[in-house]
Each structure stands twice: as structure tokens, then as C-alpha cells.
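So the structure is just underneath, and the comments pick up after that.
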Amino acid sequence: MAHLEEIEGIVLYQRKHRERDFLVKIFTERFGKIMFFVRGAKRPQGEIYQAIQPFTKAIFIADIRENGLSFLRGAKEIKQKRALQLDIFSNAYATYIGALSDAAVEDHIPYPSLYRLFDTGLQLIDEGYNPEVISNILEVKYLVVFGVSPNFSACSICGKTKGIFDYSDKYHGILCSEHFFKDPRRLHVDPKAVHLIRLYSVIQLKKIGDISIKKNTQIEIKRLIDHIYDQLVGLNLKSKKFIDNLYKWEDMLKKDD
């Protein structure tokens, strides 16, 4: 049974369906993620066409169906994020956190806090904040949604909260320097990277300032987050591989110069 609703949502992705129609995945605040069928949205200047572009936020007028595809009828209060469309790195990270949001929870399950995190992350990237930093913060915060919660708050053995820390698979969290000997196979991550990831786990995304991070520290942050996702989440997202390749191509171009 269908019912007409006005719902706030953000477009995750779209794909063509036949010549003039689209299938559009939208993360809505009230109903979770929903796949919509959009008929005849081919005109670039049309309101509905503008509304279904990736990362666009709008109030969608839709027939919500419990079974099968739902249908979009219109949209208003359309807010497009132009920077995400124009910058290849911003677009890549926005696509990745969209895919991450899509993978984190099943369709039709409301998750308002995840929706708000995703919305804020996109907005910050669109405003010019470092997309890699925003993406890393969301990756850390999404771990709880994926059902894994490494202990970043204190040493997993003694509870110490200050000092130098490393990450341990064995203890499912951080270890202080006094207990490094407990796990010879700890990850040996740069303590600065561990400190920032601990900060990411508790920081309020809306209150983030401009964070400047040295390249070597950023590489270590990525190494730790990638390791945790590989070991505990097991995702294999194409958008993540695309980002990794982007930096490889950038490094190759710099060498050619």
C-alpha cells in the first residue's frame, strides 16, 4: 500500500532505467534508505532532474511503498552541492561516504543520527574542509553502526587515558606504552595518528575546525582505519579503491613533472 509523503532526503546515487526513467537511491531522515522510480526526468532544466543529482538535498514528494519500488512525484527546497560536483577529490570522498552510509544499514530502517552525520559531512566537504579528514572522522564514527566498537577511549588493559598509545587487534583497542609488551604484534602506528583517531571518535562533527595534518601522519591514520575496516568490517567498496588510485595517479603525475 502506497502513501504520499513529503520527506527530507539526500540522493546517494542514480542510474538510468530505460530511455527516460531513473532509479534513484535516497537516504531519507524519516524512513531510512529507499530506492525510488522516477519517470520521465530527462530534461536537464526540469525540477525533478535537478533534484535527483547525487548529493542533492531536498524535500521530496513521494509515494512510499512497503514492498517494491517507491515513486518520486516531485521535489522542493532543492539544495545542490556544487563543489562536490566540480572537484574530483571532493566528489570521490562524497561518493565514498555515500557508499559507506548505504552499506552501514539496511534499506527502510530509519537511522536519523546516521543521516545527520552524513548530511553534515557532505556539507563540510562542500564548504571546503579537507575531504579526507571528514571522511576519516565518519569512518571512525560509523564503526559503531557496523556493529564493531574498538576501544579508543583508554588503554584496554589498565584504563589509562593519557600518554602514548598504539592499536592492538588482540585487545580490540588501544594500549598505553606501559603495556606495549603485552602485544608484540600491535600495529606500531604513529602515536600522533592514534591521538587523532581517538579525537575523531568523540568530536562533534558540526563543531570541527580546520585541521592541518602532516602527510606522514595522514598516511598512518589511513593505515589504521583501513586495517580496522579490513579486519572487522570487511567492506570492498569500488569508491574506496577509486580514491586510493586517485592518489597513486597524482603521485605519478608529480614524478613526471
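Heads up: numbering here begins at 1 and tracks the sequence. We use all heavy atoms of the structure for the numbers below, so side chains are in, but hydrogens, waters and symmetry mates are not. These figures come from a predicted structure and were not determined experimentally.
- Atom CD of Q204 has 12 or fewer heavy atoms from other residues, nucleotides or ligands within 6.0 Å.
- Contact annotation: the side chain of L196 never approaches that of V133 to less than 4.5 Å [non-hydrogen atoms, C-beta and beyond].
- Atoms CG and OH, from D183 and Y167 in turn, are 10.5 Å apart once rounded to the nearest 0.5 Å.
- Shortest non-hydrogen contact noted between S70 and I34 is OG-CG2, 3.7 Å.
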Which atom pairs, donor and acceptor, lie under 3.5 Å between side-chain atoms of residues 51-58 and protein residues at least two apart or in another chain?
residue : atom : partner : partner atom : Å
Q53     : NE2  : Y49     : O            : 2.7
T56     : OG1  : Q53     : O            : 2.9
K57     : NZ   : D119    : OD2          : 2.7

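- The closest donor-acceptor contact from the side chain of N216 to the backbone of I219 lies at 3.5 Å or more, if one exists at all.
- Screening residues 132-145 for salt bridge (charged side-chain N to carboxylate O under 4.0 Å, His left out), with sequence neighbours left out, gives no hits.
- Among all heavy-atom pairs drawn from P150 and I228, the shortest one is CG-CG2, 4.1 Å.
- Remark: side-chain polar atoms of S168 are not paired, donor with acceptor, to backbone N or O of I174 under 3.5 angstrom.
- The side chain to side chain contact (heavy atoms under 4.5 Å, CB included) search around I109 returns V105, E106, not counting sequence neighbours.
- Taking both residues in full, the closest heavy atoms of A154 and G159 are given as CB-O, 3.4 Å, listed atom of the first, atom of the second, then distance.
- Each of I137, L122, L12, L117 was checked for a side-chain contact (heavy atoms from CB on, under 4.5 Å) with I97, and the lone residue meeting it is L122.
- Legend: salt bridge (charged side-chain N to carboxylate O under 4.0 Å, His left out) pairs involving residues 155-169, not counting sequence neighbours, sorted by first then second residue: K160-E178, D166-R186.
- Pairing each heavy atom of C176 with each of C155, the nearest pair is N-SG, 3.3 Å.
- Here Y171 sits in one hydrophobic cluster together with I157, I164, L175, F180; the rule is ILVMFWY side chains under 4.5 Å apart, joined directly or through other members.
- I243 and I88 fall within a single hydrophobic cluster, where Ile, Leu, Val, Met, Phe, Trp and Tyr side chains are chained together by heavy-atom contacts under 4.5 Å.
- Atom OH of residue Y229 and atom CG of residue L235 lie 7.5 Å apart, to the nearest 0.5 angstrom.
- Between the side chain of R198 and the backbone N or O of S153, at least one donor-acceptor pair lies under 3.5 Å.
- Residues A92 and L246 come closest through the heavy atom pair CB-CD1, 3.7 Å.
- Using a 4.5 Å heavy-atom threshold, the side chains of T95 and F242 count as separate.
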Verdict with supporting geometry, Y115 and S101, side-chain hydrogen bond (donor to acceptor under 3.5 Å, both in side chains): CA-CA 8 Å; Y115 172 86; S101 302; over 6 Å; no

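- Every residue two or more places apart in sequence or in another chain was checked for a ring-ring contact (aromatic ring centres under 6.0 Å, His included) with Y13, and none qualifies.
- Within the model, atoms CG of N136 and CG of N130 stand 8.5 Å from one another, a figure rounded to the nearest 0.5 Å.
- Summarising the hydrophobic clusters (Ile, Leu, Val, Met, Phe, Trp, Tyr; side-chain heavy atoms under 4.5 Å, direct or chained), the residues clustered with V144 are none.
- Under the rule for a side chain to side chain contact (heavy atoms under 4.5 Å, CB included), the partners of K192 that lie at least two apart in sequence or sit in another chain are D190, T217.
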Output side-chain donor-acceptor pairs under 3.5 Å for residues 25-32, partner residues at least two apart or in another chain, one line each.
residue : atom : partner : partner atom : Å
K25     : NZ   : D102    : OD1          : 2.9
K25     : NZ   : D102    : OD2          : 3.4
K25     : NZ   : D107    : OD1          : 3.3
T28     : OG1  : F31     : N            : 3.0
T28     : OG1  : G32     : N            : 3.1
T28     : OG1  : G32     : O            : 2.8
R30     : NH1  : E5      : OE1          : 3.4
R30     : NH1  : E6      : O            : 3.4
R30     : NH2  : E5      : OE1          : 3.2

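- In terms of hydrophobic clustering, with Ile, Leu, Val, Met, Phe, Trp and Tyr side chains grouped at heavy-atom distances under 4.5 Å, F36 and I59 are assigned to different clusters.
- The stretch residues 217-226 participates, sequence neighbours left out, in these salt bridge (charged side-chain N to carboxylate O under 4.0 Å, His left out) pairs: E220-R223, K222-D226, K222-D244, D226-K240.
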Audit row: R185, K170, side chain to side chain contact (heavy atoms under 4.5 Å, CB included) steps and yes/no: CA-CA 8 Å; R185 299 181 65 182; K170 179 179 178 181; over 6 Å; no

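- Scored by the side chain to side chain contact (heavy atoms under 4.5 Å, CB included) test, D230 finds no partners at all (sequence neighbours excluded).
- Hydrophobic clustering, defined by side-chain heavy atoms of Ile, Leu, Val, Met, Phe, Trp and Tyr closer than 4.5 Å, leaves I78 isolated from every other such residue.
- Considering all non-hydrogen atoms of both residues, P131 and Y93 come closest at CB-CD1, 3.6 Å.
- Distance check, rounded to the nearest 0.5 Å: CG of L143 to CD1 of I197 gives 9.5 Å.
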